[in-house]
Protein chains: 2
Amino acid sequence: MNCKPLKKEEHRKEMMAVQDSMDVLSGKWKIAIISSICYYNKRRFSDILNDVVGISNKMLSKELKELEINKLIKRTVLETQPITVQYELTKHGKSLQTIINNLTDWGIKHRKEIIGDSSETHINAEFETVTAEII
Amino acid sequence: MNCKPLKKEEHRKEMMAVQDSMDVLSGKWKIAIISSICYYNKRRFSDILNDVVGISNKMLSKELKELEINKLIKRTVLETQPITVQYELTKHGKSLQTIINNLTDWGIKHRKEIIGDSSETHINAEFETVTAEII
DNA sequence: CCGTATCCCCGGGGATACTG
DNA sequence: CAGTATCCCCGGGGATACGG
């Protein structure tokens with residue numbers, strides 16, 4: 001988005017590229033998953049399931065598959081008993097760090113901009129726990 | 001995502017921040033809209049409707065509203081006849097440029113990584129035109 | 001343990017028509 | 001022109017159960 005100096009044609013290509021990135025990252029849980037794996041370096045299915053609060057096994061399976069297709073993570077089956085599976089970031093996956101750091105910084109700026117506050121909760125956090133079953 | 005050196009608590013905060021950013025950006029059309037406005041500097045509703053291929057007026061209206069709530073764009077009603085409305089990026093909106101540039105660069109890298117190719121079409125492009133009605 | 005299969009619901013979002 | 005209102009469909013995604 002260098003805005004001004006670009007010809008329309010180049011602008012179109014830039015937009016496609018951004019969209020490609022977003023397609024890879026914008027799944028509901030992608031970043032949380034990447035972050036979990038990155039934080040622990042190597043991580044197993046059930047561990048990630050615990051790290052990423054709220055995700056179902058179905059979704060985790062699906063998101064991991066997509067991340068693998070996009071070559072961001074590597075999946076390794078360990079011949080333990082019973083079988084365990086290990087996930088880790090590929091080089092390509094690690095190359096996301098800059099992006100994620102920028103998104104982090106901007107997210108903090110944004111929070112201040114919007115609510116002038118750096119409270120605990122995620123801005124769009126859901127509050128199911130509050131509305132929990134009464135009956 | 002500085003991965004290693006962070007305590008769990010800080011890691012949690014970082015993830016929230018990234019998620020805040022993604023919530024703002026990951027709408028189906030957000031980036032295209034921002035990009036359109038940025039490219040032309042000031043832009044009207046119907047113009048954006050044309051720029052962003054495939055978007056409906058309903059969605060455009062909705063997305064613009066969200067962008068405005070997040071203070072990324074400024075909406076100005078012009079007292080023309082009939083009325084026209086002008087959208088432009090706020091300072092906060094413009095602060096996204098770094099992010100979007102990074103996403104652009106990464107998107108290009110990613111395309112090469114995945115298909116070893118820099119063809120014309122958007123990776124996940126839909127191909128409805130091909131499967132168009134035969135009957 | 002690591003997923004897949006099945007069921008089912010809800011809301012995202014398109015098409016179209018209408019208003020100020 | 002710049003949206004709202006209405007209708008309606010489809011698939012994302014949760015809960016649960018099952019298989020290797």
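Naming: A, B, ... by sequence-line order, numbering from 1 per chain.
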inquiry  = Nearest whole Å is fine: how far is dG3(D) C1' from E66(B) CD?
reply    = 16 Å
message = Please confirm whether the shortest side-chain N or O distance from S61(A) to OP1 or OP2 of dT4(C) is below 4.0 Å.
response = yes
inquiry  = Which nucleotide wins on minimum distance to the side chain of F45(A), given the candidates dG14(C), dG3(C), dG13(D)?
reply    = dG3(C)
task = Let me know the distance between NZ of K58(B) and C1' of dG14(C), rounded to the nearest Å.
result = 7 Å
task = Grab the CG-C1' distance between L60(B) and dG12(C) for me, whole Å please.
result = 16 Å
query = With under 30° as parallel and over 60° as perpendicular, where do the rings of Y87(A) and F45(A) fit, or are they tilted in between?
reply = tilted
key: Exercise: identify the closest heavy-atom pair between G27(B) and E63(B)   = C-OE2, 3.8 Å
note = Assert: residue with more 5' nearest nucleotide on DNA chain D, out of L64(B) and N57(A), is L64(B)
message = If hydrophobic clusters are built by linking Ile, Leu, Val, Met, Phe, Trp and Tyr wherever their side-chain heavy atoms come under 4.5 Å apart, do V85(A) and I34(A) end up in the same one?
response = yes
Presence of S56(A) side-chain N/O under 4.0 Å of dG14(D) phosphate oxygens OP1/OP2 = yes
ask   = Any side-chain N or O of R75(A) under 4.0 Å from OP1/OP2 of dG3(C)?
value = yes
inquiry  = What is the distance, to the nearest angstrom, from the CD1 atom on I33(A) to the C1' atom on dG13(D)?
reply    = 13 Å
note = Regarding the side chain of P82(B), the nearest nucleotide among dC1(D), dG13(D), dG14(C) is dC1(D)
task = Report yes if at least one side-chain N or O of Y87(B) is closer than 4.0 Å to OP1 or OP2 of dC1(D); otherwise report no.
result = no
note = Between K65(B) and E63(A), the residue closer to the 5' end of DNA chain D by nearest nucleotide is K65(B)
request  = Take the protein atom CD1 of I55(B) and the nucleotide atom C1' of dG3(D), then report the distance between them rounded to whole Å.
outcome  = 13 Å
task = Give every residue pair that meets the salt bridge (charged side-chain N to carboxylate O under 4.0 Å, His left out) criterion with at least one member in residues 32-42 of chain A, sequence neighbours excluded.
result = K42(A)-E88(A)
request  = Report yes if at least one side-chain N or O of K62(A) is closer than 4.0 Å to OP1 or OP2 of dG13(D); otherwise report no.
outcome  = yes
key: Spacing of L78(A) atom CG relative to dG20(D) atom C1', expressed in whole Å   = 17 Å
message = In this structure, would M15(B) and L25(A) fall into the same cluster of hydrophobic residues linked by side-chain contacts under 4.5 Å?
response = no
query = Quick one: R43(B) CZ to dA2(D) C1', roughly how many Å, whole number?
reply = 15 Å
query = Is the shortest side-chain N/O distance from K28(A) to OP1 or OP2 of dG12(C) below 4.0 Å?
reply = no
ask   = Rounded to whole angstrom units, what separation is found between the CG atom of D47(A) and the C1' atom of dG3(C)?
value = 15 Å
